[in-house]
Amino acid sequence: MVAYRHLGSSGLKITEITYGNWLTHGSQVESDTAIECVHTALDLGITSFDTADVYANTAAEEVLGRALAGQRREGLEIFTKVYWPIGPEGPNDVGLSRKHIMEGINGSLRRLGVDYVDLYQAHRYDYATPLEETMQAFADVVRAGKALYIGVSEWTADQIRAGQELAGQMGFRIVSNQPQYSALWRVIEEKVVPASQELGLGQIVWSPMAEGVLSGKYLPGAEPPAGSRATDEKGGKRMIARWMRDEVLTAVQRLRPVAERVGLSMPQLAIAWVLQNPNVSAAIVGASRPEQLVENVKASGVVLEPDVLAAIDAALEGVIERDPALTRSPATRPA
Ligand code: NDP
């Protein structure tokens with residue numbers, strides 16, 4: 001079964017492997033497969049699920065809500081997010097204004113079919129709304145019982161610090177940050193992780209497998225396998241393109257003997273790698289098929305010794321991104 005970790009310094013426990021439905025539910029995979037994936041996740045002991053209003057322009061929340069219907073609510077941890085434009089993308093269907101947060105949480109609860117979400121996250125930092133307005137709206141969402149905890153996503157260390165100070169004044173706390181983090185993308189290590197440790201936030205990290213690239217299934221110079229994200233014309237192909245360079249794919253193949261040496265598959269090694277960071281509360285994995293989850297959950301509880309971590313660094317030398325300036329939100333609010 002999947003192990004639990006505390007979400008930052010909060011009392012909430014979440015499964016260290018959390019299932020996320022970006023790019024899949026409501027878009028890449030049919031609804032039946034999506035629901036089967038959620039049920040497989042539950043069977044494997046995953047109880048934490050991450051979605052966002054913007055995924056498949058709100059359809060992903062509906063699919064997750066249908067898949068979780070009938071489950072004991074107390075046994076689930078449901079996370080969603082607000083910020084990116086949704087619906088008809090009107091001037092107020094976006095950002096972290098009080099209006100959009102209040103309407104956003106109500107829409108998410110309706111689509112998910114629940115009375116509250118466990119974690120409500122600012123999907124980016126909104127430079128066009130005063131931070132006080134955003135944090136007051138989050139405080140009120142918590143006080144209304146619509147979200148139990150508040151988190152952020154891709155906020156810089158300074159933004160987290162300013163947000164946490166205001167949250168403290170308003171009687172709540174930011175408990176988590178949701179950044180991209182993988183053996184290939186380590187930009188949070190220098191600034192975001194130390195600030196989060198100091199302020200009590202845990203990381204729930206996205207694309208731990210670099211969208212599937214660290215699974216090793218994409219070979220340099222070869223066509224991507226049929227049905228993979230790199231062939232998904234509905235959006236996946238465009239998103240994963242940044243990783244589909246021969247120098248990256250060649251370096252990733254150098255991980256194969258490292259994984260074999262420790263008796264793990266490459267997807268398991270990639271997920272286990274992010275879980276070695278003590279500030280990580282969960283790896284949010286994606287899956288387009290139930291079998292992938294069956295394989296991926298075996299990363300839970302794995303300990304990678306220092307020599308294995310060093311071998312991973314050596315294999316990926318030259319293609320690891322570490323620049324903290326790459327943690328950023330759009331400079332102006334999209335609309
Ligand atoms: P991953 O890096 O885990 O990539 C998942 C994809 O890799 C799957 O959909 C599948 O794609 C492929 N895959 C998974 N397991 C295997 C396997 N065992 N063997 C081969 N291929 C495999 O994460 P995602 O990029 O999907 O992101 C995970 C979650 O993170 C999202 O669902 C979302 O909840 C969150 N997220 C948050 C963001 C934010 O801004 N806060 C941004 C992006 C994601 P396929 O089979 O199609 O090739």
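Note that ligands are numbered from 1 as they come in the structure, with each ligand's atoms numbered from 1 the same way.
When non-hydrogen atoms are compared, ligand 1 lies under 4.0 Å from the backbone of Ser207 as well as from its side chain. Under 4.0 angstrom from ligand 1, the non-hydrogen atoms of Ala210 all belong to its backbone.
Close approach to Ala287 involves these atoms of ligand 1, each under 4.0 Å from a residue heavy atom: 8 (C), 9 (O). Close approach of ligand 1 to Glu295 (heavy-atom distance below 4.0 Å) involves ligand atoms 18 (N). Near His123, meaning under 4.0 Å from one of its heavy atoms, ligand 1 places the atoms 39 (C), 40 (O), 41 (N). For ligand 1, the atoms lying closer than 4.0 Å to a non-hydrogen atom of Asn21 are 32 (O), 34 (O). For ligand 1, the atoms sitting less than 4.0 Å from at least one non-hydrogen atom of Asp50 are 33 (C), 34 (O), 35 (C), numbered in the order shown with element in parentheses. Proximity to Tyr218 (heavy-atom distance under 4.0 Å) selects the following atoms of ligand 1: 48 (O). If you number the atoms of ligand 1 from 1 as listed, the ones under 4.0 Å from a heavy atom of Ser288 come out as 9 (O), 45 (P), 46 (O), 47 (O). Heavy-atom proximity to Gly20, at under 4.0 Å, picks out these atoms of ligand 1: 32 (O), 34 (O).
In this structure, the protein non-hydrogen atom closest to atom 29 (C) of ligand 1 is Ile284 CG2, 3.5 Å. For atom 21 (N) of ligand 1, the closest non-hydrogen atom on the protein side is Lys217 NZ, 2.9 Å. Distance from atom 37 (C) of ligand 1 to its nearest protein heavy atom, with residue and atom name: Gln178 OE1, 3.0 Å. Among protein heavy atoms, the minimum distance from atom 31 (C) of ligand 1 is reached at Trp22 CB, 3.3 Å. Trp206 CB, 3.3 Å is the protein heavy atom nearest to atom 36 (N) of ligand 1. Among protein heavy atoms, atom 47 (O) of ligand 1 sits closest to Gln28 NE2, 2.9 Å. Protein heavy atom in closest approach to atom 19 (N) of ligand 1: Pro267 CG, 3.8 Å. The protein atom (non-hydrogen) at minimum distance from atom 7 (O) of ligand 1 is Gly212 CA, 3.3 Å.
To the nearest 0.5 Å, atoms CH2 (Trp206) and CD1 (Ile204) are separated by 13.0 Å. A distance of 5.5 Å separates CG of Leu76 from CG of Leu68, quoted to the nearest 0.5 Å.
Looking at ligand 1, you won't find any N or O of Val285 less than 3.5 Å from one of its N or O atoms. The shortest N or O to N or O distance between Thr51 and ligand 1 is not under 3.5 Å. Checked by distance only, ligand 1 and Glu154 stay at 3.5 Å or farther apart across all their nitrogen or oxygen atoms. Some N or O of Gly286 is nearer than 3.5 Å to an N or O of ligand 1, by distance alone.
Here atom 10 (C) of ligand 1 lies nearest to Gln292 when heavy atoms of Glu291, Gln292, Gln180, Arg229 are compared.
Here Arg73 pairs with Asp118 in a salt bridge; the nearest charged N to carboxylate O distance falls below 4.0 Å. A salt bridge does not link Asp323 to Arg186: none of the charged side-chain nitrogens sits closer than 4.0 Å to a carboxylate oxygen. Ion pair Lys99/Glu103 flagged as a salt bridge, since at least one NZ, NE, NH1 or NH2 atom sits closer than 4.0 Å to an Asp/Glu carboxylate oxygen. Salt-bridge check for Glu211 with Arg242: passed, with a basic side-chain N closer than 4.0 Å to an acidic carboxylate O. Electrostatic pairing of Arg238 and Asp232 does not count as a salt bridge here, judged by no charged N lying under 4.0 Å from a carboxylate O. A salt bridge between Glu16 and Arg5 is present, with a side-chain N of the basic residue lying under 4.0 Å from a carboxylate O of the acidic one. Under 4.0 Å is where a charged nitrogen must lie from a carboxylate oxygen, and between Glu198 and Arg161 at least one such pair does.
The closest approach between Tyr181 and ligand 1 stays at or above 4.0 Å for every heavy atom of the residue. By the 4.0 Å heavy-atom criterion, Arg124 is counted among the residues contacting ligand 1. At least one heavy atom of Tyr55 sits closer than 4.0 Å to an atom of ligand 1.
Considering only heavy atoms from C-beta on, Thr156 stays 4.5 Å or farther from Ile160 through its side chain. Under the 4.5 Å side-chain criterion, counting only non-hydrogen atoms from C-beta, Gln268 is not in contact with Val302. Within the 4.5 Å cutoff, side-chain heavy atoms of Ile14 are placed close to those of Ser281.
Ring-plane geometry between Tyr125 and Trp155 is classed as perpendicular, the angle between the planes exceeding 60 degrees on a 0 to 90 degree scale with a lower cut at 30. Taking the six-membered ring for Trp and thresholds of 30 and 60 degrees, Tyr55 and Trp22 have ring planes inclined between 30 and 60 degrees apart.
Of the residues Thr129, Asp140, Thr134, the one that meets the side-chain hydrogen bond (donor to acceptor under 3.5 Å, both in side chains) test with Arg98 is Asp140.
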